[in-house]
Structures are given as C-alpha cells and as structure tokens.
Number of protein chains: 2
Amino acid sequence: MARRNDHTREEIQGMAIDATRTLIAKEGLEGVSARKVAQKIGYTVGTLYQNFENIHELILHANAFSLTQLLVELEKVYQAEPRALPRIIRIANTYLDFGQRHEKQWIAIFRHTLPRDFIMPDWYQARIDALFSLIERAVRELAPGRDKKQIQLASRTLWSSVHGICILNIGNKLYSDNIATPQTLMQSLVTHYLSAWIQEGSKA
Amino acid sequence: MARRNDHTREEIQGMAIDATRTLIAKEGLEGVSARKVAQKIGYTVGTLYQNFENIHELILHANAFSLTQLLVELEKVYQAEPRALPRIIRIANTYLDFGQRHEKQWIAIFRHTLPRDFIMPDWYQARIDALFSLIERAVRELAPGRDKKQIQLASRTLWSSVHGICILNIGNKLYSDNIATPQTLMQSLVTHYLSAWIQEGSKA
DNA sequence: TTGAATGGTAAACGTTGTTCAATTATGCTT
DNA sequence: AAGCATAATTGAACAACGTTTACCATTCAA
C-alpha cells in the first residue's frame, strides 16, 4: 500500500501534525500555511489535502496535542498535591505557567477560529471537556457537601476567571507596571473567590 | 482640494470606517477585506491605502468605535447607580450583555491580532485604559480605605475574570446545559470575590 | 494657459486555501 | 512476466487576499 517514500497515511498525517506544531512554536499560528507544511514533510499540498479535510483540521490536531500536554501537566499536579485547596491553587498556577512557557501554542489554541460551518470534532471537544472535568473534580473535593449543580457553577466560574487572567496576561502586557504580576492576580482570584464560596457553603 | 465625488480625506476615512463596521456587524471580522470596503464606499483599494496605513488600522478604528459604545454604556450605568457594590455588579452585567448584543463586534475586538511590528496607536490604547480606569474607580469607591496598589490589584483581577466569563460565553456554548448561564457565573464571581476582598480589608 | 501637485485608478505581485485532471507507482490477476 | 486496476502524488489552476506602483486625470497656483 505504501508509495514513493514508503509513508503510511497515518505516518504522513503524523508528520504533517508535527510540522504544523513546530511552525506554530516558531512563527505562531500566522506562520502556518498548507504549502509550508507540505514542503516541510516533503510532499505537495495535494497530498496534504488527501489526508486532511482542510487546514483547520490540521491546526486542530496540533492544538489538541498542546491541550494534551497541558492536561498531562495538570493531572500530574493534581496527583502530587492531596490537599484540596493548595491543589486548586497549584493547578491554576500551572495553567498560567503553561501559557507563558508555550505562548505561541497557547495563543494558537485560543485565537484559532474555525469557519462557521465547521463542526468541532469529538476528539477535540473531549480535551476541552477533560480540562473542565479536572477542575470540577478538584472543586468537588474542596467542598464535598455541595450538590452537583453548585459544584458545576463554582468550577466554571472559577475556571472562566482563571482563563481570563491568562488571556489578558498574554500579548498585551497590561501588567507592565510590574507590581501586579499575573501570578499575584491569580492568587487574589482563587483565594478570595474560593474562601467566600466555602464560607457560603458552611452556612447552609 | 476635493476630487471626483467631493469627498474630503476625513469623509473618506469616515465612510471607510462605517463600511468596515457594517461588514463586521454582518459577516464578522473574517468578512472584512480591503476590496469589499473600497467597493462599499465607491472607491478602489488604492484610495483606501492612501487613507490608511493598512487594513489593521482600519479595523482598529472600527473596533475603537465599538469600544467607545461600550464605554458610554458602562459610564451611564456608573452614573445611574450610586451604591458601590450594586454598581460594580451592574457594570459587570452590562459588560457581559454588551458582548451578547454585539457579538460580532465584540469578537472583532478581542480576536483581532495585529502583526508583530504593529505599534498600537495611542488613541486605541486610550480606550482600553479608560475601560480599566472605570473599573478601578468603581472598585475604589467600594473600599475607600485601601491603598492604590490594592485597588489596582483587585480591579484588574476582577476585570480579567469578568472578561474571562465573557470570552468563554461567546461562540463556544460551554454552558449549553442551560442551568449555568453566564449571568449566573457573573453573579457568582463578583459577589464571592468582592465579599472576600472587602472582608479581608476590614480586618486590617 | 501653462506647470506642478494631488486624487484616483487599474493592473500587477506574491501570498493564501482549495480543487482536480493528469501522471506515476504499486499490488493483484492472469 | 505482462497487463490492468487502483491508489498516491503531482503541479497547475482558481479565486480571494493585502499591498504597491505606474499611470491618468483633475484641480490649483503661477
């Protein structure tokens, strides 16, 4: 079944995703183009388009890789810290830190917009869900008494906020007057929000 | 000085910005192109490029318009509500609501990325600053005793978080299981964060 | 009524995503 | 071994993009 360079369909796809990843890491999302990827793996655009529906699917695969990396890091932190509150704080900081360490990849994940008719693949949505469910787990063990709805509300609120800090941190250095580092903001957010949320729960 | 259609330089610029705004409102940021804008105002691309450095400057002007609209709304809410805490809550909700009512424009503001060498114009940065300073004002009057650094930290933390909820609200309907509406998240964030923050201040 | 300056155009360049007819290489069958 | 069917691969083409520039035309100053 193999041809020319003895590359399986799967191998070509893997090579293309790798090439896309390095392109993103070096030049950012804007640096990715079908022709560049094709040239990097020693094929032409035509071949690329027999292995991927379009350029968005390719980028989505590269982004899914980054998301998996992030998930692995967060899961590790989760395992390493048994105490519920420090755990969430560390997870939030790791999230922020990941965005800083892999800035280009991070931006690629959240700035990449797919066309209106593009249906997000299951395997991609699964990563997003895994992320949110990790947070939900962490929040649940922080306040085991709360019912599912409350846990969901708190974890989504918290994580949207954490995400907001990460977003505004990147690119725009809104915090250029050095005192208010993103880490400080993160600390302020998580401790204040959660302390009030826990306190509210102990009243009931 | 006027030519062909008796349009001043300023008039052409205004027309182009208007055309860009309606394009964004109708088709989103991706629907904007130099040729489309030019055609809409009855000129050619060449003329457009004599009035704007590049397409980014044009989009920036359109986005600045939206930002001003937003600012006006927020300022109105600020004036209408004298009580410090309800004021912040209403401002946050208005922020969220604006994003929902003008989704395309909102996305255009925050998804538009300018090239690496592009220096953000002062008149644009001024809008961003005005936004943050409005929040800072509101937070300051919530806790007049705090020093400037603490106010800055809290207002930036709060607003990054508010922004995060708005961001995750748009496009991706992460909250499709209806119970956790963005309004609920917003309420949860602002009340919990601020109550803990105020409490912390009253201790000192 | 000239000459200079400016407004405006149209065509061109290089890039993008995407498609597709033509070609080439392979595996299977005879 | 020869030929055929099938699949992989190519390269050219298309439309649209941002941007530049040589050129034309209109106006103002002299």
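Throughout, a chain's letter reflects where its sequence line sits, starting with A, and its residues are numbered from 1. All values below were derived from every heavy atom in this structure, side-chain atoms included, with hydrogens, water molecules and symmetry-related copies excluded. As the structure is a prediction and not an experimental result, all values here were calculated from the model.
Under the rule for a salt bridge (charged side-chain N to carboxylate O under 4.0 Å, His left out), the partners of B:Arg83 that lie at least two apart in sequence or sit in another chain are B:Glu81. In this view, A:Ser195 and B:Ala196 satisfy the side chain to side chain contact (heavy atoms under 4.5 Å, CB included) rule, not counting sequence neighbours.
If you measure from atom CD of A:Glu11 to atom P of D:dT9, you get 11 Å, rounded to the nearest angstrom. Distance CD (A:Gln50) to P (C:dA25): 16 Å, rounded to an integer number of Å. As a whole-Å value, the separation of A:Leu48 CG from D:dT9 P is 12 Å. The CG atom of A:Leu58 sits 10 Å away from the P atom of C:dT18 (whole-angstrom rounding). Whole-Å rounding puts the B:Gln13 CD to C:dG8 P distance at 12 Å. To the nearest angstrom, P of D:dT27 lies 15 Å from NE2 of B:His7. For B:Arg9 and C:dT6, the CZ to C1' distance is 10 Å, given to the nearest whole Å. When rounded to the nearest whole Å, the span between CD of B:Gln39 and P of C:dT9 equals 12 Å.
Nearest heavy atoms, B:His192 versus B:Ser188: ND1-O, 2.8 Å. The two residues A:Met186 and A:Leu96 make their nearest non-hydrogen contact at CE-CB, 3.9 Å.
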Atom pairs under 3.5 Å, N or O on each side, protein against nucleotides 13-17 of chain C: can you list them with distances?
from	atom 1	to	atom 2	distance (Å)
C:dT16	OP1	A:Ser33	OG	3.4
C:dG17	OP2	A:Ala34	N	3.0
C:dG17	N7	A:Arg35	NH1	2.8
C:dG17	O6	A:Arg35	NH2	2.9

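Side-chain contact between B:Gln105 and B:Gln69: absent, with no pair of heavy atoms (C-beta onward) separated by less than 4.5 Å.
Using a 4.0 Å heavy-atom cutoff across all strands shown, A:Ile12 reaches sugar-phosphate atoms only and no base atom.
For B:Val45, the side-chain atoms get nearest to C:dA11 when compared with the rest of C:dA11, C:dG8, D:dT10.
Under 3.5 Å, the side chains of A:Arg127 and A:Thr68 contain a donor-acceptor pair of N or O atoms.
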